[in-house]
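These numbers were taken from a predicted model, which means no experiment stands behind them.
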Amino acid sequence: MKIRPYQTEDEAALIELWRDCNLLVPHNNPLLDVGRKLAVNPEWFAVGIEKGTLVASIMAGYDGHRGWINYLAVTPTQRGKGFARQLMEFAETTLTDAGCPKINLQIRSSNQQAQAFYEKLGYTIDPVVSMGKRLIPDN
C-alpha cells in the first residue's frame with residue numbers, strides 16, 4: 001500500500017470507506033470533518049492506495065501537549081494485510097518528529113476489534129474519563 005496525503009479528488013471514496021467501516025455517526029458530518037482537518041496540518045491527513053484504489057485513511061493531530069489519531073480506517077476486504085499498522089507507523093513517526101510525547105485515542109466502547117488492534121501496537125487504557133462538549137453542531 002502506498003501512503004500519500006489526502007487529495008480533494010479522494011472525497012467520495014473516502015466517505016464511502018468511512019461508511020463501510022462504520023465510522024460515520026449522525027452528529028459528525030464527514031465533509032465538515034475533512035474540511036476542518038484540511039485547515040490544520042493537512043499533511044497529517046493521509047490515505048492508503050492499493051492498486052489505484054483508496055483502501056485506508058488516517059488523521060493525525062497534535063495540540064502541543066498530546067497527539068491524536070482519528071479516522072483510522074481500512075476497507076473490510078483489505079484488513080489483515082498490515083495497512084492499519086503502516087498508517088499508524090506513519091502517524092507515530094510524523095508526531096514524534098513534531099516533538100509529540102504521547103498519543104491519545106478515543107475508541108467507541110462497542111468497538112472491541114479496534115481496541116484489540118491498538119493493544120497489539122502497545123497502546124493501553126489510561127485511567128481517565130473522556131468527556132466532550134459540542135461547540136458547533138454538524139447537523
Side-chain angles (χ1 to χ4, degrees):
M1 179 185 71
K2 177 185 173 195
I3 297 173
R4 67 159 170 78
Y6 169 84
Q7 300 169 359
T8 55
E9 308 85 60
D10 297 326
E11 182 179 282
L14 178 76
I15 301 304
E16 186 64 27
L17 168 68
W18 290 351
R19 185 174 288 111
D20 290 347
C21 294
N22 297 313
L23 294 180
L24 301 183
V25 292
H27 56 272
N28 285 352
N29 180 321
L31 297 175
L32 293 176
D33 283 350
V34 167
R36 290 170 178 142
K37 182 57 190 162
L38 292 176
V40 181
N41 296 110
E43 67 279 12
W44 295 359
F45 183 9
V47 295
I49 306 296
E50 178 73 357
K51 298 179 182 172
T53 302
L54 191 149
V55 297
S57 73
I58 194 167
M59 285 184 184
Y62 178 43
D63 61 18
H65 182 66
R66 295 286 185 256
W68 291 90
I69 302 298
N70 292 294
Y71 286 111
L72 175 62
V74 175
T75 192
T77 60
Q78 297 293 320
R79 291 182 181 163
K81 297 181 178 181
F83 295 165
R85 183 180 300 269
Q86 277 183 262
L87 285 168
M88 285 301 295
E89 288 171 0
F90 161 82
E92 289 176 357
T93 298
T94 299
L95 292 169
T96 300
D97 290 350
C100 176
K102 182 179 187 277
I103 295 174
N104 286 348
L105 302 168
Q106 290 184 318
I107 305 167
R108 290 188 187 103
S109 58
S110 62
N111 194 342
Q112 296 300 309
Q113 184 179 17
Q115 185 174 329
F117 166 76
Y118 286 114
E119 287 173 347
K120 286 180 187 174
L121 296 182
Y123 289 77
T124 59
I125 297 173
D126 288 338
V128 299
V129 173
S130 178
M131 296 177 69
K133 178 182 178 182
R134 178 147 303 271
L135 301 175
I136 301 171
D138 281 2
N139 49 11

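In terms of heavy atoms, Gly61 sits closest to Leu95 at O-CD2, 3.4 Å.
No side-chain donor-acceptor contact under 3.5 Å links Asp97 to the backbone of Thr94. Lys2 places no side-chain N or O within donor-acceptor distance of the main-chain N or O of Gly52, the cut-off being under 3.5 Å. Asn41 contributes no side-chain N or O that, together with a main-chain N or O of Trp44, makes up a donor-acceptor pair within less than 3.5 Å. When atom types are taken as modelled, the side chain of Arg19 and the backbone of Leu24 share no donor-acceptor pair closer than 3.5 angstrom. The backbone N or O of Tyr6 sits nowhere less than 3.5 Å from a side-chain atom of Glu9 that would complete a donor-acceptor pair.
Side-chain contact check for Asn104 versus Gln106: every heavy-atom pair is 4.5 Å or farther apart. Using a 4.5 Å heavy-atom threshold, the side chains of Val47 and Arg4 count as touching. Under the 4.5 Å side-chain criterion, counting only non-hydrogen atoms from C-beta, Glu50 is not in contact with Thr53. When side chains are defined from C-beta on, Met88 counts as touching Phe117, because their heavy atoms get closer than 4.5 Å. Looking only at side-chain heavy atoms (C-beta outward), Asp126 and Lys102 come within less than 4.5 Å of each other. Side-chain contact between Leu54 and Glu16 is absent, with no heavy-atom pair separated by less than 4.5 Å. Contact check for Arg66 versus Pro101: side-chain heavy atoms found under the 4.5 Å cut-off.
The aromatic rings of Tyr118 and Tyr123 sit perpendicular, their planes meeting at an angle over 60°, well past the 30° parallel limit.
Of the N and O atoms on the side chains of Asn28 and Arg134, at least one donor lies less than 3.5 Å from an acceptor on the other residue.
When the side chains of ILVMFWY residues are joined at heavy-atom separations under 4.5 Å, either directly or via intervening members, Leu72 and Tyr62 end up in a single hydrophobic cluster.
Annotation: side chain to side chain contact (heavy atoms under 4.5 Å, CB included) contacts of Pro5 (sequence neighbours excluded): none.
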